[in-house]
Amino acid sequence: MSGQKLITERKRTHRCGTLRAEHIGQEVVVMGWVQTYRDLGGAVFIDLRDRTGLVQVVFDAGVDEAIHAAADKVRNEWVIGVVGKVRSRGTNVNSKMPTGEIEILGAEIEIFNKAETPPFAIDDDVDTAEEKRLSHRYLDLRRPKIQQNLMLRSRLNHVVRRTLHELDFLELETPFMVKYTPGGARNFLVPSRLNPGNFYALAESPQLYKQLFMMAGFDRYFQITKCFRDEDLRQDRQPEFTQIDLEMSFADMDDVHQVMEKVIGNMFQEGIGVSLPAKFPKMSYDEAMRRFGSDKPDLRFGLEHVVLTEVVKAHPNGGLPLFEQAVAQGGMVKAMVVPAAHQLSRTEVDKLEPEAKGVGALGLGRAKIAEGGSWTQSPFAKTVSDGLRQAINEATGAKDGDIVLFQFGPAKLVHTVMNHLRLLLGKKLNLIPANQWAILWVVEFPLFEHDEKTNTYAAAHHPFTSPRPEDVDRLTTDPGACRAKAYDLVLNGNEIAGGSVRIHDPNVQQKVFQALGISPEEQRAKFGFLLDALAYGAPPHAGIAGGMDRISMLLTGATSLRDVIPFPKTQRGQDLMTSAPTPVSDRQLEELFIKSTPPKA
RNA sequence: GGGGUCGUAGUUCAGUUGGUUAGAAUGCCGGCCUGUCACGCCGGAGGUCGCGAGUUCGAGUCUCGUCGGCCCCGCCA
């Protein structure tokens, strides 16, 4: 009853979850793991599991005493093979199982392997601590839901490859071990034994290499590839992650958008049967910040922001000195209306204040609109002038019973806090509809970000991003006002792709470097090879990189990246199964000419 | 670097004001049972209360530290 005969001679004929009424009468060979066994004395029922699902096998003592005795010993998670005839369950159909119309009458059983009792049940319903799941990831990966996630991801990979091949893209590879360049995300470093004291960096992205492919004439490149960033982890951030990376020559922004719309559209259609619009709507960065305080707005619900800066300016001495002060200092004032219908209580509003403070706010201004448009439950109620109050009511559209939340101060902080509050209330008030997909391009990003402390500019995307043609002259006069030919793809409030048109004109590139304060020596040291390549005949080119993990997460309905990555790291970047990273021996370090000086415990 | 939260049986959790032998469900082991599919019934085993100090006559419970999981801010060109 045990051995390997089913493997060497009989071979598997079907996968468990695929059997249906049409197979009735056939003798089948199935193999898998024991999900559950139900021993009724004279009959043993076993639900056998493989990646396609479950099928019930019955071992009947009345039919075959010996096989029943063998099946009687089987336990959960044992790996077995079964030969038997598919038969109807008659009146005992289980409508909850896709295979519930049929069962296999076991005629032969082979036990490939016994199993220890698993530390947690292999079941989607079991709410096991993440720590336990990750330390026994090979068991966690047996759970049907995560298997379905990874099977969907496999299909998505296939769809991406097929779509891009159809569009004449070449799948080309780039190195993981690359030159270290400062700026941007922290790099993981790899010591070079052959070059003592020198290090490679693990690639943050294939960015420079894919541009070099364009300069080499490959015209259209793509790759589904790992990227590495040594930054802190989040629910939607892992230190190694997968990008759908592509680049195309003789292309402008719209060409990249069309390709990506096709790729994402096919992923939705073939992955989960959802049709997205052929073209995705566009929104400018400025509009996104103004209306939502975020460059990745979730358009599935309202609670839009209203900028009141101009309203405050138009009502000098309006009785809200804090608002006026913020405006006078170059800041902004924003409001958000929570309609009366949501019945947000005073206590609930009070609870928002610590939330706002948690993301940097000094406080949370609020007012409840009473009959006739007056304000109550508000620190501003007594001082605000009738004129300013009415103007704010009008600008925000706030009506009787509505609650208005305010923030004022530096624009960046106001946006951050109001965005946080909007997302928080969206969840709290159940405003986010299920099964809805809000996708859009966010375009016209600033080319540079200004650093207040050092009064310098940094590349908002990366230093090879092309400014809009009409902004090229401003590179030297007013860098802060330059807009980039850069774009992000946003789905339900998640950034799922980002890219840009690249600079192919060495003169423009020089101006950008100047604006960034990167000296010619520094340019050579960091990007010499790319500048050389630009000088040898670079085609106009543009590209984008999509976050495969995040896209998979959204399409599977998972709430964490860890549910679509087979072997993820914890928040501290550890692999609980292998316990990586670990110390290494002094001898290994010596060989690499490295000294390690971890802080003492 | 900072904030929040959690850690008790294999698992998920409960555990009162600090007070007898730390409980439940499920899983596991044994027995019975031929139509179960959350099978049922009977019986049994199973605990460094994350770890270390401290307070106390007495700590799962209070204090401090530490380790780890998760969420967030900073960070992620």
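Values below: all heavy atoms of this structure, side chains included; hydrogens, waters and symmetry mates excluded. Because the structure is a prediction, the values reported are computed rather than measured. All chains are named by letter (A, B, ...) in the order of the sequence lines, taking the proteins before the strands, and each is independently numbered beginning at 1.
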If I pick the [atom1] atom on [M] and the same atom on [N], what distance separates them, to the nearest angstrom?
N      : M      : atom1 : value
C70(B) : G52(B) : C1'   : 24 Å
U12(B) : G27(B) : P     : 15 Å
C33(B) : G43(B) : C1'   : 15 Å
U63(B) : G23(B) : P     : 25 Å

Using Watson-Crick or G-U wobble geometry with both distances under 3.5 Å, which nucleotide pairs with [N]?
N      : result
G47(B) : none
A24(B) : U12(B)
C64(B) : G52(B)
G35(B) : none

query = So is Arg422(A) actually on top of Phe301(A)'s ring, under 6.0 Å and inside 45° of the axis?
reply = yes
task = Assess whether side-chain hydrogen bond (donor to acceptor under 3.5 Å, both in side chains) is satisfied between Thr99(A) and Gln56(A), documenting all intermediate values.
result = CA-CA 8 Å; Thr99(A) 61; Gln56(A) 173 169 289; over 6 Å; no
Side-chain donor-acceptor distances from residues 176-184 of chain A under 3.5 Å, at least two apart:
residue: Lys179(A); atom: NZ; partner: Ala525(A); partner atom: O; Å: 3.1

message = How long is the straight-line distance from CE of Met253(A) back to CD1 of Ile544(A), given to the nearest 0.5 Å?
response = 10.5 Å
ask   = In Å and rounded to the nearest 0.5 Å, what is the CD1 to NZ distance from Ile503(A) to Lys511(A)?
value = 11.0 Å
Proximity to RNA chain B (any heavy atom under 4.0 Å), residues of residues 51-59 of chain A only = Gln56(A)
key: Phosphate contact (U36(B) OP1 or OP2) by Asn94(A) side-chain N/O below 4.0 Å   = no
task = Respond yes when some side-chain nitrogen or oxygen of Lys357(A) is under 4.0 Å from OP1 or OP2 of G3(B), and no when none is.
result = no
Sugar-phosphate only, base, or nothing, as touched by [X] at under 4.0 Å among non-hydrogen atoms:
X         : value
Arg75(A)  : sugar-phosphate
Ala458(A) : nothing
Glu103(A) : base

key: Under 4.0 Å protein heavy-atom contacts per nucleotide of nucleotides 69-75 of chain B, with B for base, S for backbone only and - for none   = SBBSBBB
message = Checking side chain to side chain donor-acceptor pair (under 3.5 Å) between Arg502(A) and each of Gln211(A), His462(A), His541(A), which is the one that passes?
response = His462(A)
